[in-house]
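Throughout, protein chains are lettered first and strands after them, A, B, ... in sequence-line order, and every chain is numbered starting at 1.
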Amino acid sequence: MSVRTRFAPSPTGYLHIGGARTALFNWLYARKHGGRFILRIEDTDRERSTTESVNVILEAMVWLGLDYDEGPIYQSERFPRYREVIQQLLDEGKAYHCYCTKEELDEMRQSQMTRKEKPRYDGRCRHRQEPREGVNPVVRFKNPTDGTVVVEDLVRGRVVFQNQELDDLIIARSDGTPTYNLTVVVDDLDMKMTHVIRGDDHLNNTPRQINIMRALGGEPPAYAHVPMILGEDGARLSKRHGAVSVLEYRDQGYLPEALLNYLVRLGWAHGDQEVFTIDEMIEWFDIKDVNKSASTFNPAKLLWLNHHYIMHSDPLHVAHYLRWHLGELGVDPENGGPDPVEVVKAQRERCKTLREMAENSLFFYRDFDHYDEKAAKKNLKLAALEPLRKLYQQFQAIETWQPDALHQVVQETAESLDMKLGKVAQPLRVALSGCAVSPPIDVTLHLLGRDKVLERLAFAIEYIEKNSDSP
RNA sequence: GUCCCCAUCGUCUAGUCGGCCUAGGACACAGCCCUUUCAAGGCUGCGACACGGGUUCGAAUCCCGUUGGGGACGCCA
């Protein structure tokens, strides 16, 4: 039987880090086994589901490169099918109408809590014959009252649940719409899923779902419950831990492969290897090797991986993303300035994100409106006047505008003035970039081009002359 | 509270059937080297088997308990 996995988010917000990892694991497993990966949108809760969220999730999937073979399948379009199944269960006596009011249920739970019991529906409507006036009933599944349900989980191992612990869950709301535990079962069966890989938080739902599947005469798929991702305080990862949305990471300048690489190593390892190409992940990933324990999201390591990918990927590839970020900052490299590929080569060691690279490379594409205060104070002072003037002349005269030759000019200028190289290069750097940090000075000169260099040097010389009170 | 799950450096983890573990790697952190800025790079250091009982010639690895953490207990998914 060929492998079929799915990612089934509910569109009530963005695609978050945890969801992305679940999607990745499902995707990897399907790809590894030559199976199919299905995207299903669980939008049965029409109150909370939005098309906006659907779009954001789809956008994130595309950005991550997690392509799906089927879908997106919308549960909201399958209501007739769910209704049919609910009716079938009703007809077969495997489900029943419940007329309990919310107040009644609240009261029941309250008293169970005070008796230190697990709050659960006591099945009081199981044998009700007559409808109750003025109450639209929900439909409840008649869960077995004794025996056990065994989940042979691919990551947890064998987990046994007592049916006594389970109650008769609602499978249709009073307005007739189906609930999660019903739709997920119907779909996993209808769509012939072979492996359900999902978050740990669903482990407790699994025995209920298996019971419904059996009532429907279906065979449950293999389950794999992957551990949760926690925030640095040990609580479940959420917004208050900082960025949790996949698209937020895109916007902050992360490469999708870096995020994927980080995520695959959360709860899974292949010896001591830290960096994986997608092909390596597909080759070595196995759901059976996933850890049981929850892991803490570590932004610093993600950042390191991102930087690693920026430094070691093909500059052409990285430049593609840099262009996007430059665009976000209102710069179109097509309108002049250095080729972004060259900027990547010049900047990659010192920029951990593409956003940072774009910001720190802005001076190549447009004039800055002021110097960094500290940098100017330290470097653009009287002592820099002579070297800068001399450099101006040299740059005017030089024939080949290439890094080697430019480096030589700076070097010789320093020597001729009997100054250390830094004393010449650093003021020059501030004059050109506006701040104290830039790529090596020869590379910066080369990328900026002679015209801009002369223009900014002239401006800096003038600036020093005007502010020459300080020694 | 009840049920379920989990437990190796601060973090992610390696740890094949218990002996090769005086517990390895990576991130972070500290120091040194390199250096025209910032980086990158190189080297060194810091640092863990939660605790208590067993089983065994021998346990991070198996069993039990304790403690700690997480999850579930919705007409949410």
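Under the Watson-Crick or G-U wobble criterion, with both distances below 3.5 Å, G1(B) is paired with C73(B). A23(B) is unpaired under the Watson-Crick or G-U wobble criterion, no partner having all donor-acceptor distances under 3.5 Å. Within the shown strands, nothing qualifies as a pairing partner of U37(B) under the Watson-Crick or G-U definition with both distances less than 3.5 Å. The nucleotide G58(B) finds no pairing partner, because no Watson-Crick or G-U wobble arrangement with both distances shorter than 3.5 Å includes it. A50(B) is paired with U66(B) under the criterion used here, namely a Watson-Crick or G-U wobble arrangement in which both key atom distances are under 3.5 Å.
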Please tabulate the protein-to-nucleotide N/O contacts below 3.5 Å involving nucleotides 12-22 of chain B, giving atom names and distances.
{"residue": "C12(B)", "atom": "OP1", "partner": "T296(A)", "partner atom": "N", "Å": "2.8"}
{"residue": "C12(B)", "atom": "OP1", "partner": "T296(A)", "partner atom": "OG1", "Å": "3.3"}
{"residue": "C12(B)", "atom": "O2'", "partner": "R265(A)", "partner atom": "O", "Å": "2.9"}
{"residue": "U13(B)", "atom": "OP1", "partner": "G267(A)", "partner atom": "N", "Å": "2.2"}

Distances under 3.5 Å only, N/O to N/O: pair up the protein atoms with those of nucleotides 1-5 of chain B.
{"residue": "G1(B)", "atom": "O2'", "partner": "K116(A)", "partner atom": "O", "Å": "2.7"}
{"residue": "C3(B)", "atom": "O4'", "partner": "E165(A)", "partner atom": "OE1", "Å": "3.4"}
{"residue": "C5(B)", "atom": "O2'", "partner": "R156(A)", "partner atom": "NH1", "Å": "2.2"}

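Between R208(A) and the choices N163(A), N143(A), D167(A), the side-chain hydrogen bond (donor to acceptor under 3.5 Å, both in side chains) rule is met once, by D167(A). Put simply, the residue from R21(A), R156(A), R236(A) that forms a salt bridge (charged side-chain N to carboxylate O under 4.0 Å, His left out) with D200(A) is R156(A).
Qualifying side-chain hydrogen bond (donor to acceptor under 3.5 Å, both in side chains) partners for E412(A), counting only residues two or more places apart in sequence or in other chains: Q408(A). When the salt bridge (charged side-chain N to carboxylate O under 4.0 Å, His left out) test is applied to R140(A), no partner is found at least two apart in sequence or on another chain. Residues passing the side chain to side chain contact (heavy atoms under 4.5 Å, CB included) test with T353(A) are Y254(A), L303(A), N306(A), R355(A), E356(A), sequence neighbours excluded. By the ring pair (Phe, Tyr, Trp, His ring centres under 6.0 Å) test, Y321(A) is found to be paired with H317(A), residues two or more places apart in sequence or in another chain being considered.
Between Y463(A) and Y371(A), the gap from one ring centroid to the other is short of 6.0 Å. Ring centers of F395(A) and W401(A): under 6.0 Å apart, within the cut-off.
Taking atom CG of residue N261(A) and atom C1' of nucleotide C27(B), one finds them 13 Å apart after rounding to whole Å. At whole-Å resolution of the value, CZ in F276(A) and C1' in G25(B) are 12 Å apart. Taking atom CG on D45(A) and atom C1' on C75(B), their separation rounds to 10 Å, with Å as the unit. For R40(A) and A77(B), the CZ to P distance is 13 Å, given to the nearest whole Å. One atom, CD of E47(A), and another, P of G74(B), lie 19 Å apart when rounded to the nearest Å. The distance between atom CG of N306(A) and atom P of C27(B), rounded to the nearest whole Å, is 15 Å. One can place OH of Y309(A) at 14 Å from P of C27(B), the figure rounded to the nearest angstrom. In this structure, R46(A) places its CZ atom 15 Å from C1' of C76(B), rounding to the nearest Å.
For RNA chain B, the residues of residues 134-148 of chain A within the heavy-atom distance limit of 4.0 Å (strictly under) are V138(A), sorted by number. Remark: nothing in residues 76-88 of chain A comes within less than 4.0 Å of RNA chain B through any heavy atom.
Separating the P atom of G52(B) from that of C29(B) is a span of 34 Å, rounded to the nearest Å. Comparing A30(B) with G10(B), their C1' atoms sit 14 Å apart, to the nearest whole Å. Spacing of C1' atoms, C64(B) relative to U56(B), comes out at 16 Å, to the nearest Å. Using atom C1' as the reference point in both A23(B) and G47(B), the two lie 12 Å apart (nearest Å). Distance check on atom P: A50(B) versus G68(B) gives 16 Å, rounded to whole Å. For the P atoms, the distance from A14(B) to G71(B) is 23 Å, rounded to whole Å. Spacing of P atoms, C12(B) relative to A28(B), comes out at 15 Å, to the nearest Å. To the nearest whole angstrom, the two P atoms, one in G18(B) and one in A59(B), are 13 Å apart.
Sorted by first and then second residue, the pairs that involve residues 283-298 of chain A and meet salt bridge (Lys or Arg N to Asp or Glu O under 4.0 Å), not counting sequence neighbours, are D286(A)-K288(A). Counting only residues at least two apart or in different chains, ring pair (Phe, Tyr, Trp, His ring centres under 6.0 Å) contacts with residues 256-275 of chain A comprise Y262(A)-F297(A), W268(A)-F276(A), W268(A)-F285(A), H270(A)-W284(A). Each ring pair (Phe, Tyr, Trp, His ring centres under 6.0 Å) pair with one or both residues in residues 169-188 of chain A, not counting sequence neighbours, appears once here: Y180(A)-H202(A).
At distances below 3.5 Å, not a single donor-acceptor pair connects side-chain atoms of S49(A) with backbone N or O atoms of R46(A). When atom types are taken as modelled, the side chain of S313(A) and the backbone of I310(A) share no donor-acceptor pair closer than 3.5 angstrom. Between the side chain of E232(A) and the main chain of N298(A), no donor-acceptor pair closer than 3.5 Å is present.
Closest heavy-atom contact between L380(A) and P427(A): CD2-O, 3.7 Å. Contact between L105(A) and C100(A) at its shortest, heavy atoms only, is CD2-CB, 3.8 Å.
Within 6.0 Å of CZ on F368(A) lie more than 12 heavy atoms contributed by other residues, nucleotides or ligands.
The shortest distance between side-chain heavy atoms of P72(A) and L58(A) falls below 4.5 Å.
The residue among Y121(A) and A8(A) whose nearest nucleotide of RNA chain B is located toward the 5' end is Y121(A).
Within the structure, a side-chain polar atom (N or O) of T44(A) is placed less than 4.0 Å from OP1 or OP2 of A77(B). Contact between the side-chain N/O atoms of R109(A) and the OP1/OP2 oxygens of G74(B) is found at a separation under 4.0 Å.
Within the nucleic acid shown, R120(A) has no heavy atom closer than 4.0 Å to any nucleic acid atom.
Using the six-membered ring where Trp is involved, H312(A) and H308(A) have ring planes that are tilted, between 30° and 60° apart.
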* Structure fact -> Scoring nucleotides 32-49 of chain B by protein non-hydrogen atoms under 4.0 Å (B base, S sugar-phosphate only, - none) yields ----BBBBS---------

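Comparing atom distances between the D201(A) side chain and each of C75(B), G71(B), C76(B) picks out G71(B) as nearest.
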